[in-house]
Amino acid sequence: MRDWHDLLPCLLLSAVTLLYMDRIQAHKLDVRAPTHWRQPWEDEVPWPGNAGVDFEHCNIDDQSETIDAMQRTKSEECKRQVKRTACLTKSNAMYPPTLNRTSDPNTCSAPLSTMQQVYADLKLDDIDSDHLPLLDNSELWSKTLRQPVQLGRVGAHVPGEPLHRPLRILFVLAAHGWAVHTVERLVASIYHPQHWYIIHVDERFDFLHSQLEQAFSGISNIVLMRPRLGTVWGSANLFEMYVRAMQQMAHLAWDYMVNLSAADLPLLPIDTLSTFLSRYYRRGLSFLKSHGKNHKRFIEKQGFGYTFLLCDSHMYRLSKRTLPPTMAIEGGSDWFMLHRHFADYVLDNGSLVLQLRRWYSYSLLSAESFFHVVAANSEFCSKTVSANFRFANWVKSLGCKCQQTAIVDWCGCSPNILKGSQGFKLLKSKQSEPNFFARKFDARIDNSIINAVISDLARVRIETHQTHYWEHVYVRGVSGSDLSLDTYLNAFARLPAHESTTLGDSARYECKPRVVLEATTLAIKDKPAGYVVRVECERGNVVQRLVVFKEPDMQADTHTPAGQLLKHQLVGAGYDPKERFFYRVGGMVTSLTGVTVAQYWKPTPHNPLATKQLDLTVRLETPSPTHYVDVKVEMDADGLVSSAGSHVPRPLVPGLWHAQLIDKSLDKVVAITPFPVTPLHPDVTPHRQVDMLTAQFYSVSDACVERSGANAALGQPNDKAFCDSKHWSLIAKDQATSNTLKRMLGMV
């Protein structure tokens, strides 16, 4: 008889296996991160730290940028952090004094030295994606519900040995905002049961997190990251978010980590990427696109020579810092594909990694160089390829307008949104470079191109609404809602429904509003179609209203050169100069949102400089005609769009305003556009005044009643009074978005 001690390991393994299989069957696989996240450098890296620093008597009067930052902070805690960081820096106790490199820079060499060699060696010739079958993910999703979870690190594989099994990818997705369906479609387009998916949702967007948690519940290889971080453009914690995501999934079997954002889409079927990476797994290669060899310019451009502090959702620039002379500088793209061996090296938190985590926790654009620098200063310096296999739609004349200065003390650039048939044609031409992914996409601007890329390029069949796109902007009681919309949404709830001629028996839609429950923007065929506002009435029923913006007539003087070239002038809040688009549909200016006036000009092929030669200003006339603000008009490089108003002082006086476009050379008013400004809070101004103002610019185009309670059985199934018969309603949205995913999962 065998001794029971010999059987103990087998018994333990069987118990663990049964435990995990039980949890898988219940679709409750727990891949949560540890409940407490200690700062990675605490008590682990030998440098002075804060020992002996007298924070109370520390004098930072000579640090002008730090003092400026303290004056701009919003909270006392942030002020304290700014001063503490400044004192540590002044005392030379902020950063490790040296860097413990584990590589000899003289022995480091790129495995593929030039981009030509990279693309010559990494070919797609034998992966004919054009003849791959159109993938219906419904079968894959249902298989995943029954799929055993593969545990344990894959690090046991030796570089150089062939991979005798399908390659497994860990996809790390970063998401923020309200675009639930966008994230669902992205996951559907890259889904395969052999891969892992972890989604980080910015901690400020609880609605997105809760909706995705509900959508992906029961799917064992899709998890949401915990804890969540508050990430902004270029923030210091972006690299940490990726490290923590890999740490949360470290006990699972995967070979490469690939990071994506919700603004990305695949250009090729995901099996193509798996086959592609499997060739290079045995060589231990990671793909980290480099900026090149001009390290001095990179440091200056990235702000790496400064200490930055993230607090109050803002990156504050504090003071200059001196980098360790032993640090090999690298960096470039923040989109990468990390080999599991390199990922494990980072997660093992050796002294080099811990020291760099300290440096990068106070660095701008941290994700654009943290992993690059770890590799360059370690034994992985000869295991990186300067490539990321992504196409980014860079339009430098538009994308480098310093539009992030509200959240970061730096001027940065960002790719533009891909749109239209020209955008799709461009993407199709980029597949063979090869590019596995492209960015950026935004369904609020162009939903059609997203559907086309998924079906025609990624070759995934998903069921979704082809012409309509909804996106929430407000949900009652949910953090992250745009509270500056309160006044407008409450006024929309009070707008008389009977003014619309399409409603028929308007009495069925009348509602004395008790509370606005939620609101979404609606776009139809990539054109803004208004707001869908869901209202709970005092008698208990719930109605939905489609509220449209009545664009006022622009009074233009066509006898002036500018008047002849001007197509139209729009006024509103939420203007993005990079995309030349108002994300806040239909104006919606309040006393504190600010205001932008945008002019859209006719093309002039015979004289491309015609509009750029104009000397224009915008005069914003307040409700009191004797008071106005003049703002300089800034023309875009192509002369097709101009804008003004970003520096208008706030608060704005509520009431009816007028935007006058003035040709200064002629001293003539070219165009006049009226627009409303409402108080920020709905109870500041009497409802009657707000309602009279909003009624001039907005109207109820259609309305419906939700089937619930006593009225659930009333009317015929196709009764147009009910929301389930309306193509624009939130019920139609639910059927086209959330239910789409559930059907793919075989859950309905």
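If you read the sequence from its start, that first residue is 1, and numbering goes on from there.
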### Message
Could you walk me through whether Arg534 and Val516 satisfy the side-chain contact (heavy atoms from CB on, under 4.5 Å) test, starting with their C-alpha distance in whole Å, then the side-chain angles of each, then the deciding distance to 0.1 Å, before giving a yes or no?
### Response
CA-CA 6 Å; Arg534 189 166 175 259; Val516 174; over 6 Å; no

Over all heavy atoms of both residues, which pair between [X] and [Y] is shortest? Give the atoms and the distance, please.
X: Leu208; Y: Ala175; result: CD2-CB, 4.0 Å
X: Pro676; Y: Leu693; result: CB-CG, 3.7 Å
X: Gly234; Y: Met315; result: O-CE, 3.7 Å
X: Ala671; Y: Leu566; result: CB-CD2, 3.7 Å
X: Ala392; Y: Pro415; result: CB-CG, 4.1 Å
X: Ile270; Y: His192; result: CG2-CB, 4.4 Å

Would you check if [X] and [Y] make a side-chain contact, meaning some heavy-atom pair closer than 4.5 Å?
X: Phe722; Y: Arg707; answer: yes
X: Val515; Y: Val535; answer: no
X: Ile190; Y: Phe437; answer: yes
X: Asp702; Y: Lys726; answer: yes
X: His687; Y: Arg494; answer: yes
X: Thr182; Y: Phe441; answer: no
X: Trp178; Y: Ser481; answer: yes
X: Val597; Y: Leu620; answer: yes

### Message
Counting neighbours of CD on Glu634 that are heavy atoms of other residues, nucleotides or ligands and sit closer than 6.0 Å, is the number greater than 12?
### Response
no

Between [X] and [Y], does any side-chain donor sit less than 3.5 Å from a side-chain acceptor?
X: Arg584; Y: Ser484; answer: yes
X: Thr520; Y: Glu471; answer: no
X: Gln599; Y: Ser642; answer: yes
X: Ser261; Y: Arg439; answer: yes
X: Arg185; Y: Asn447; answer: yes
X: Tyr469; Y: Asp526; answer: no
X: Trp394; Y: Asn416; answer: no
X: Ser414; Y: Lys440; answer: yes

Let me confirm one number: the [atom1]-[atom2] distance from [X] to [Y], rounded to the nearest 0.5 Å.
X: Glu203; Y: Ser479; atom1: CD; atom2: OG; value: 9.5 Å
X: Phe549; Y: Thr694; atom1: CZ; atom2: OG1; value: 12.0 Å
X: Ser643; Y: Asp576; atom1: OG; atom2: CG; value: 10.5 Å
X: Leu680; Y: Asp486; atom1: CG; atom2: CG; value: 8.0 Å
X: Asn451; Y: Thr467; atom1: CG; atom2: OG1; value: 9.5 Å
X: Phe675; Y: Glu551; atom1: CZ; atom2: CD; value: 14.0 Å

#### Entry: From CA spacing to verdict: side-chain contact (heavy atoms from CB on, under 4.5 Å), Val223, Ile199
CA-CA 6 Å; Val223 298; Ile199 305 170; over 6 Å; no

### Message
Applying side-chain contact (heavy atoms from CB on, under 4.5 Å) to Leu398 and Glu579, what does each step give before you reach the verdict?
### Response
CA-CA 8 Å; Leu398 295 174; Glu579 302 301 334; over 6 Å; no

### Query
Please walk me through it: do Glu536 and Arg476 pass salt bridge (Lys or Arg N to Asp or Glu O under 4.0 Å)?
CA-CA 11 Å; Glu536 182 181 304; Arg476 183 172 181 263; over 6 Å; no

Please list, one pair per line, the donor and acceptor atoms closer than 3.5 Å that link side chains of residues 653-661 to other protein atoms, with sequence neighbours excluded.
from: Trp657; atom 1: NE1; to: Val653; atom 2: O; distance (Å): 2.7
from: Gln660; atom 1: NE2; to: Glu621; atom 2: OE2; distance (Å): 3.4

Measure the acute angle between the ring planes of [X] and [Y], then classify it against the limits of 30° and 60° as parallel, tilted or perpendicular.
X: Phe171; Y: Tyr197; value: parallel
X: His727; Y: His468; value: perpendicular
X: Tyr583; Y: Phe581; value: perpendicular

Say whether, by atom type as modelled, one donor and one acceptor occur between the side chain of [X] and the main chain of [Y] under 3.5 angstrom.
X: Arg204; Y: His176; answer: no
X: Gln544; Y: Leu730; answer: yes
X: Thr487; Y: Pro679; answer: yes
X: Ser235; Y: Thr231; answer: no
X: Trp470; Y: Trp728; answer: yes
X: His200; Y: Ala245; answer: no
X: Tyr488; Y: Val589; answer: yes
X: Tyr600; Y: Arg580; answer: yes
X: Asp442; Y: Arg444; answer: yes
X: Asp264; Y: Leu260; answer: no

### Query
Below 6.0 angstrom between ring centroids: does that apply to Tyr698 and Phe492?
yes

### Message
Checking Arg228 against Asp202 for the side-chain contact (heavy atoms from CB on, under 4.5 Å) test, could you report, in this order, the C-alpha distance in whole Å, the side-chain angles of both residues, the deciding distance, and whether it holds?
### Response
CA-CA 6 Å; Arg228 293 152 57 199; Asp202 188 301; over 6 Å; no

### Asp636 with Lys578: basic N within carboxylate O range, under 4.0 Å
no

### Message
Which residue in the set Asp446, Ile449, Ile445 passes side-chain contact (heavy atoms from CB on, under 4.5 Å) when paired with Ile417?
### Response
Ile445

### Query
Are Arg514 and Glu538 close enough, and set up right, to give a salt bridge (Lys or Arg N to Asp or Glu O under 4.0 Å), and what steps lead you there?
CA-CA 5 Å; Arg514 191 182 75 82; Glu538 287 192 352; over 6 Å; no

